[in-house]
Amino acid sequence: MPSYTAPVDDMMFLFEKLRNNQKYNELEKYKEVTTDLVKDILQEAAKINQNLILPLAKAGDENPAVLENGVVRTPPGYKEAYKKYIEDGWTSLSCDPKYGGQGMPKTVSAFFDEMLSSASLSFKLYSELSIGAYNCINHHATDDIKNKYLPKIVEGKWSGTMCLTEPVCGTDLGLLRTKARKQTDGTYKISGQKIFITSGDHDLTENIIHLVLARADDSPAGTKGISLFLVPKFVVKDDGTIGPRNGISTGSIETKMGIKGSATCVLNFDDATGYMIGAKEKGLSAMFTMMNLERIVVGIQGLGISEIAYQNSLTYAKERKQGKSNNSSSKNGADFIIEHADIRRTLLNMKSIIEGERALCFWLSQQTEVSLNHPD
Ligand SMILES: Cc1cc2nc3c(=O)[nH]c(=O)nc-3n(C[C@H](O)[C@H](O)[C@H](O)COP(=O)(O)OP(=O)(O)OC[C@H]3O[C@@H](n4cnc5c(N)ncnc54)[C@H](O)[C@@H]3O)c2cc1C
């Protein structure tokens, strides 16, 4: 199994040395986010990622998510780990305290995202899309919808998805065929097929809140006719409790080369009850609130994977003996491969790219906070 030590010192170095961002420092709500507080959070984050999450990477690779009798089962250990993960409040780190979140800036949650990506990307994806859905609902939904759905998503009891891709469209969403028929009570009946839906179904949460792009009956063709709908796996009653199963079924799990613990699903919507989010025919731009934040987090995934790859390459280079180095002192046998100049160069190259990536991600998360929260 790979080993992993969260680079807390490197992260704290950035937190302290790149503090000098004027607009970020003007954000009133983060004045209390001190170095000591961030260090405490990152040290706790390191423990859960190194001890609880890391073993899930191998478990997920060897026992991928499966579809059994219409229900997706996550790999062994995922359920127990997820329970502890939400009990410790990690889903709520950067969410608004109004909905039960801890209100931490993305400069802190970006570090957590990196650790989680290093430890097990498959496991991470089950909560990653929830935060994306949280952001989208928080920006575009009515207060009624926010109050009904956000506290459970923040708590991690319900998860989220984004449903854009269809058999006929990926990049070119103007082609999408999923239909939304308006009902007399103002809700919609959603019908169509979505593919490649990350965490489309699983057994970790009580409910799954799908954010679905669809075209209302009277809307035009192309991207101008797309609206956004909230479509829960289980319909939520007025008092916030879970009601009957909605018209959504899982057709299959996509076959992938990696991240096999993450269930990427084909979802069939068959007259499923949905609620419009934001303005009619402005669905694509509302979905891009989620997509744009998601893109930065996907960049952070790359950073996390690079870091754990580097750490294990370094360990291996210190254990493996092959050939004689130019400065070899051993008379017989071979040297550790780290003693070969080109191996050292390669490792240093990896390390310097990773440190630059981490600084970039940190700066991007500062800029995101400014763009979302600065009064100017
Ligand atoms: C692991 C995984 C998880 C995913 N999770 C989700 C999810 O949660 N929700 C969701 O909705 N989707 C998800 N997707 C789907 C993903 O968003 C789509 O794969 C993506 O939108 C690209 O669509 P496509 O695969 O149909 O490629 P296509 O759109 O068919 O494109 C094929 C190729 O042509 C190129 N291309 C297309 N148009 C142009 C153009 N105009 N000019 C030049 N080149 C072009 C593309 O860049 C690509 O290289 C996931 C995919 C994967 C692999």
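In each ligand, atom 1 is the first atom listed, and ligand 1 is the first ligand listed.
- Comment: R358 engages E114 in a salt bridge, judged by a side-chain N to carboxylate O separation of less than 4.0 angstrom.
- Under the 4.0 angstrom criterion, atom 9 (N) of ligand 1 counts as having a protein heavy-atom contact.
- Ring geometry for F123 versus Y85: interplanar angle over 60°, hence perpendicular rather than tilted (30 to 60°).
- Of the protein's heavy atoms, T171 OG1, 4.1 Å lies nearest to atom 27 (O) of ligand 1.
- In this structure, atom 6 (C) of ligand 1 has a protein heavy-atom contact shorter than 4.0 Å.
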**Q.** Residues C163, L267; criterion side chain to side chain contact (heavy atoms under 4.5 Å, CB included); working and verdict
**A.** CA-CA 9 Å; C163 300; L267 292 183; 4.2 Å; yes
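- In this structure, atom 33 (C) of ligand 1 has no protein heavy-atom contact shorter than 4.0 Å.
- Atom 15 (C) of ligand 1 is flagged as protein-proximal [any protein heavy atom, distance under 4.0 Å].
- Checked by distance only, ligand 1 and L129 stay at 3.5 Å or farther apart across all their nitrogen or oxygen atoms.
- Atoms of ligand 1 lying under 4.0 Å from any heavy atom of M162, numbered from 1 in the order shown and given with element: 7 (C), 8 (O), 9 (N), 10 (C), 11 (O).
- In terms of protein heavy-atom proximity, atom 2 (C) of ligand 1 is nearest to T264 CG2, 4.2 Å.
- The shortest separation from a heavy atom of I197 to ligand 1 is under 4.0 Å, placing the residue in contact.
- Salt bridge absent: K84 and E80 never bring a charged side-chain N and a carboxylate O closer than 4.0 Å.
- In this structure, atom 40 (C) of ligand 1 has its sub-4.0 angstrom surroundings free of protein heavy atoms.
- Ring geometry, F112 versus W90: the interplanar angle falls under 30°, so the pair is classed parallel (tilted spans 30 to 60°).
- Classification of the Y30-Y24 ring pair by plane angle, with boundaries at 30° and 60°, yields parallel.
- Between the OG atom of S94 and the CE atom of M104 there is a distance of 10.0 Å, given to the nearest 0.5 Å.
- Protein heavy atom at the shortest distance from atom 17 (O) of ligand 1 is T165 OG1, 3.6 Å.
- From the protein, the heavy atom lying nearest to atom 51 (C) of ligand 1 is F196 CD2, 3.7 Å.
- R19 has no carboxylate O lying under 4.0 Å from a charged side-chain N of E16, or vice versa, which leaves the two without a salt bridge.
- At under 3.5 Å, a nitrogen or oxygen of T198, whether backbone or side chain, sits near a nitrogen or oxygen of ligand 1.
- A salt bridge between K39 and D36 is absent, with no side-chain N of the basic residue lying under 4.0 Å from a carboxylate O of the acidic one.
- Minimum heavy-atom separation, L125 to T198: CB-CG2, 3.9 Å.
- Within the 4.0 Å cut-off (strictly below), a protein heavy atom is located near atom 37 (C) of ligand 1.
- Near G170, meaning under 4.0 Å from any of its heavy atoms, are these atoms of ligand 1: 21 (O), 23 (O), 24 (P), 26 (O), 29 (O).
- At a 3.5 angstrom cut-off on N or O pairs, L164 counts as close to ligand 1.
- Looking from atom 1 (C) of ligand 1 to the surrounding protein, the closest heavy atom is K256 CD, 3.9 Å.
- Heavy atoms from other residues, nucleotides or ligands lying under 6.0 Å from CG of D239 number more than 12.
- For atom 47 (O) of ligand 1, the protein comes within 4.0 Å by no heavy atom at all.
- For atom 19 (O) of ligand 1, no protein heavy-atom neighbour is found at a distance under 4.0 Å.
- Ion pairing between a basic and an acidic side chain is recognised when a charged N comes within 4.0 Å of a carboxylate O; K280 and D218 show such pairing.
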